[in-house]
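Note sheet for the following structure.
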Amino acid sequence: MLSAHSDLPNSTTRRAGYQRESRRFHSPSIVDIRVTLRYLRARSRLTNLGVLLLAAFASLSFLHTLSFIFSSTSAAFSDVYAEYSPPSILATIERNETLKGLDHLIIVPGHAIWMGSRPDHVLNEEYWTLEDYQKGSGQVLAITDHIKHGVALAMEDENSLLVFSGGQTRLLSTTTEAESYMRLALSLDLFRNHPLSSLALLPFPRATTETYALDSYQNLLFSFARFHEVTGRYPSRVTVVGYEMKRRRFEELHRPAIQFPARFFEYVGLEPPTGGGDSARAREGEFQNGYKPYTADLYGCHDFLLAKRRARNPFLRFHPYHTSAPELRGLLDWCPSDPRTIYQGPLPWEATE
C-alpha cells in the first residue's frame with residue numbers, strides 16, 4: 001500500500017511544468033519585445049507622416065488664401081470677369097489702346113439736365129430741367145462751373161478719364177444728366193485746346209458718360225464701373241468735382257462706404273455765386289436731405305433714400321455693371337439689414353478703414 005506522500009514527486013513535477021508554461025506565455029522573450037517595438041515604431045512613423053501631410057495641406061491652404069488676398073487685381077478677379085462677361089458682349093468691345101494705362105478718375109456728378117443745343121442756351125434756365133429749389137439761385141452757373149472745372153482737370157492730366165455721371169432722372173426729359181453735361185461741354189467747345197479737337201468724331205478721347213446713377217453714392221460707385229468699361233482696369237486715384245456743401249457727404253460717407261483709400265481721393269468743392277439766406281438754406285437742405293439720411297443708411301438702399309432712387313428712375317432703366325464690372329458685384333448688391341454696416345468683401349483696390 002502506497003503512503004500518502006508517494007504522490008509528492010509527481011505533484012512537484014506538474015507544478016514546475018505549469019510555472020514554465022506560465023513564464024513562457026507571460027514573460028515575453030527578447031525577440032518578442034523587439035518585434036513589438038518595431039511594430040510600434042512603424043505605427044509611430046505612420047502617425048508622424050500623417051501629421052506632416054496634414055500640416056503640409058494646412059500650410060498650402062493658408063498660402064493659397066494669402067495669395068488670393070494679396071495678389072494683384074487682375075489675378076484676383078480675372079476668372080470673375082470671364083465668368084460674368086458674356087462673349088457675345090465682349091466681342092463688340094475693342095478698347096482704345098491709349099486709354100488702357102489711365103489711372104486717374106475725374107467725376108462730375110449730375111444735378112440737372114440741360115436741354116439746349118447752343119452756347120447761348122447754357123445759362124438760360126428755360127433750357128434746364130430743374131427742381132423748384134434749384135431755380136433762381138445760381139445753380140445753373142454752378143453746374144456749368146463744375147463741367148468746366150472737370151474738363152480743365154482732365155486736360156491737365158494725360159493719365160485721367162473724365163466721367164460725367166447721372167441717369168435719366170427726369171420724367172420730362174428724353175436724355176440723361178451725363179449726356180446733357182457732355183453736350184454742354186461740346187457746345188462750349190471746352191475741349192478745343194486738345195490736339196484731337198479738330199477731329200469731329202473724336203473731340204476728346206478721355207471723356208465719357210455714366211448714364212445710370214440715381215444719387216451721389218451711385219455717381220461715385222458707378223463711375224468706377226464706367227472707368228473699368230473704358231480702360232479695362234480700376235483707377236488708383238479719384239477726384240470728384242461738385243458742390244462744396246456736399247464735400248462731407250463724399251469724404252465722410254461715400255468714400256468710406258466703398259473702402260477707397262483717403263490718400264488717393266480728392267474732392268473739389270464749388271458753390272453757386274450766391275450768399276446770405278440762399279446759401280444757408282441750401283446747406284441746411286443738404287444736411288437734412290443728403291448727409292443725415294446717409295449717416296443712417298450708408299448705401300442708400302433702405303426707406304427714404306431708396307424711395308428717392310425709385311422716384312428718379314421713371315423710365316425703369318437697368319445698369320449693366322454686374323456684367324461689365326463683375327469685381328464690384330458684391331458692393332453693387334450690398335444692402336445690409338443694419339444700414340450702417342460697411343462692406344468687407346473683396347474689392348479691386350486696397351481697402352482702408
Side-chain angles (χ1 to χ4, degrees), residues 72-75 77-78 81 92-110 119 122 143-166 176-211 213 219-242 247 250-251 254-255 258 260-270 321 324-325 327-328 347-350 352:
S72 65
T73 297
S74 59
F77 292 102
S78 58
Y81 189 73
T92 67
I93 304 298
E94 185 176 2
R95 291 190 175 93
N96 186 333
E97 290 294 328
T98 64
L99 303 182
K100 292 183 178 180
L102 304 184
D103 62 3
H104 181 195
L105 168 61
I106 300 173
I107 307 170
V108 178
V122 170
I143 291 172
T144 305
D145 286 343
H146 297 170
I147 296 171
K148 290 180 177 179
H149 196 80
V151 171
L153 290 176
M155 298 280 280
E156 293 171 1
D157 184 358
E158 294 184 354
N159 292 317
S160 67
L161 177 70
L162 172 63
V163 176
F164 296 117
S165 172
T176 65
E177 295 173 356
E179 290 167 330
S180 76
Y181 278 32
M182 178 67 84
R183 191 173 67 253
L184 188 151
L186 295 173
S187 177
L188 293 179
D189 200 16
L190 297 181
F191 303 109
R192 61 185 175 275
N193 293 326
H194 191 268
L196 297 177
S197 61
S198 60
L199 302 177
L201 295 179
L202 191 60
F204 188 64
R206 291 188 292 100
T208 187
T209 58
E210 185 290 303
T211 57
N219 286 140
L220 180 61
L221 180 58
F222 287 8
S223 292
F224 274 83
R226 180 60 181 149
F227 187 97
H228 183 267
E229 288 182 338
V230 174
T231 69
R233 60 184 296 182
Y234 290 94
S236 57
R237 266 196 312 145
V238 176
T239 300
V240 179
V241 180
R247 175 185 295 276
F250 277 87
E251 291 184 342
H254 296 340
R255 183 202 59 76
I258 67 170
F260 192 79
R263 64 185 182 278
F264 299 128
F265 184 89
E266 180 181 5
Y267 189 89
V268 178
L270 305 173
Y321 303 130
S324 62
E327 300 88 348
L328 301 180
L347 290 168
W349 52 80
E350 177 190 357
T352 59

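This chain uses plain numbering: 1 for the first residue, then up along the sequence. These numbers were taken from a predicted model, which means no experiment stands behind them.
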- Looking only at side chains, do Thr239 and His104 share a donor and an acceptor under 3.5 Å apart? yes

- Test Phe265 against His254 for side-chain contact (heavy atoms from CB on, under 4.5 Å), laying out the working first. CA-CA 11 Å; Phe265 184 89; His254 296 340; over 6 Å; no

- Quick one: does Phe260's side chain get under 4.5 Å of Leu220's, heavy atoms only? no

- Item | Donor-acceptor contact below 3.5 Å, side chain Arg247 vs main chain Gly242 | no

- Close side-chain approach of Phe250 to Pro109, heavy-atom, < 4.5 Å: yes

Scan the side chains in residues 180-187 for donor-acceptor partners under 3.5 Å anywhere in the protein, sequence neighbours excluded, and list what turns up.
residue: Ser180; atom: OG; partner: Trp114; partner atom: N; Å: 3.1
residue: Ser180; atom: OG; partner: Glu177; partner atom: O; Å: 2.8
residue: Tyr181; atom: OH; partner: His111; partner atom: N; Å: 2.9
residue: Arg183; atom: NE; partner: Gly116; partner atom: O; Å: 3.1
residue: Arg183; atom: NH2; partner: Trp114; partner atom: O; Å: 2.3

- Item | Any Val163 side-chain heavy atom under 4.5 Å of Phe222 side chain | no

- Task: Show the numbers, then the answer: is there a side-chain contact (heavy atoms from CB on, under 4.5 Å) between Phe227 and Glu210?
- Result: CA-CA 9 Å; Phe227 187 97; Glu210 185 290 303; over 6 Å; no

- Task: Compare every heavy atom of Asn219 with every heavy atom of Ser165, then report the nearest pair and how far apart it is.
- Result: OG-ND2, 2.8 Å

- Check whether any side-chain heavy atom of Tyr234 sits under 4.5 Å from a side-chain heavy atom of Leu328, and report yes or no. yes

- Item | Side-chain (Thr209) to main-chain (Thr211) donor-acceptor, under 3.5 angstrom | no

- Note, Glu327 side chain near Phe224 side chain (heavy atom, < 4.5 Å): no

- Of the non-hydrogen atoms in Glu229 and Arg95, which two are nearest, and what is the gap between them? O-NE, 2.9 Å

- Message: Do Glu179 and Phe164 make a side-chain contact, defined as non-hydrogen atoms from C-beta onward lying under 4.5 Å apart?
- Response: no

- Is the closest side-chain heavy-atom distance between Arg206 and Ser160 below 4.5 Å? yes

Show me the donor-acceptor pairs within less than 3.5 Å that the side chains of residues 147-155 make with the rest of the protein, sequence neighbours left out.
none

- Evaluate the side-chain contact (heavy atoms from CB on, under 4.5 Å) criterion for residues Asp157 and Arg237: first the C-alpha distance (whole Å), next the side-chain angles of each, then the deciding distance (0.1 Å), finally the verdict. CA-CA 12 Å; Asp157 184 358; Arg237 266 196 312 145; 2.8 Å; yes

- Would a line drawn from the ring center of Trp349 to the ring center of Phe264 be shorter than 6.0 Å? no

- Query: Counting only N and O atoms by type, is there a donor-acceptor contact under 3.5 Å from the side chain of Asp103 to the main-chain atoms of Ser236?
  - Reply: no

- Query: Heavy atoms, side chains only, cut-off 4.5 Å: are Leu105 and Ser223 in contact?
  - Reply: yes

